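Input: a single structure, listed below in structure tokens.
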Amino acid sequence: MNAPNISESEWAVMEVLWESSPRTASEVAKVLRGDTGWAENTVRTLLTRLVEKGALQTNEGGAAKLYTPAVKREDCVKAESASFMERIFQGAAKPLLVHFAKNARLTPEEVRELKKILDQSIDKEP
């Protein structure tokens with residue numbers, strides 16, 4: 001399944017469920033309340049949208065509906081990254097990488113790791 005397009009608010013809900021699921025709407029709301037201040041009805045609205053988009057699936061857990069991710073976090077990250085690169089950098093990876101390399105505060109270890117990844121990508125070229 002292709003990863004659905006999810007909003008920033010929906011992403012927060014998904015993070016809670018990727019961390020631990022299945023959960024009820026009340027459980028999700030309780031986790032989010034401290035950081036967002038959202039009421040349970042707000043969370044229920046977001047959960048409903050995510051089910052409609054195919055990002056979540058539901059099943060009955062006794063008296064309460066349980067929510068479980070229907071998509072992997074990695075698939076959503078990949079889709080969001082591709083969308084961002086297309087919107088901001090017209091799909092070109094080089095300007096994106098140059099931008100982040102110049103503006104991110106990378107540790108020497110992170111730079112070495114990125115160099116290793118780039119070197120490995122050269123080795124994979126046909």
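No hydrogens, no waters, no symmetry mates; every other heavy atom, side chains included, goes into these values. We're numbering straight along the sequence, starting at 1. Keep in mind the model is a prediction, meaning the values are calculated, not measured.
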Without swapping roles, check the side chain of [X] against the backbone of [Y] for a donor-acceptor pair under 3.5 Å.
X	Y	answer
Glu110	Thr107	yes
Trp18	Val71	yes
Thr48	Arg44	yes

Got [X] and [Y] here, is their nearest side-chain heavy-atom distance under 4.5 Å?
X	Y	result
Thr68	Leu17	no
Arg23	Leu66	no
Val13	Leu50	yes
Tyr67	Glu27	no
Leu46	Trp38	yes
Lys65	Thr24	no
Asn5	Lys53	no

Legend entry - Distance-minimising heavy-atom pair for Gly54 and Ala70: O-CB, 3.4 Å
Legend entry - Least distance between heavy atoms, Pro69 atom then Met14 atom: CB-CE, 4.2 Å
Inset, instruction - Find out if a path of hydrophobic residues (ILVMFWY) with successive side-chain heavy-atom gaps under 4.5 Å connects Ile88 to Val77. - result: no
Legend entry - Hphob cluster co-occupancy, Val51 + Trp11, side-chain heavy atoms under 4.5 angstrom: yes
Legend entry - Any donor-acceptor N or O pair under 3.5 Å, side chains Arg87, Ser83: yes
If the threshold is 4.0 Å, N to carboxylate O, is there a salt bridge linking [X] and [Y]?
X	Y	value
Arg73	Glu15	yes
Glu74	Lys78	no
Glu109	Arg112	yes

Legend entry - Whether over 12 other heavy atoms sit under 6.0 Å from Glu113 CD: no
Inset, instruction - Step by step, work out the side chain to side chain contact (heavy atoms under 4.5 Å, CB included) result for Leu106 and Leu114. - result: CA-CA 10 Å; Leu106 300 173; Leu114 287 171; 3.7 Å; yes
Legend entry - Aromatic ring pairing Phe84/Phe100, orientation class (parallel under 30°, perpendicular over 60°, tilted between): tilted
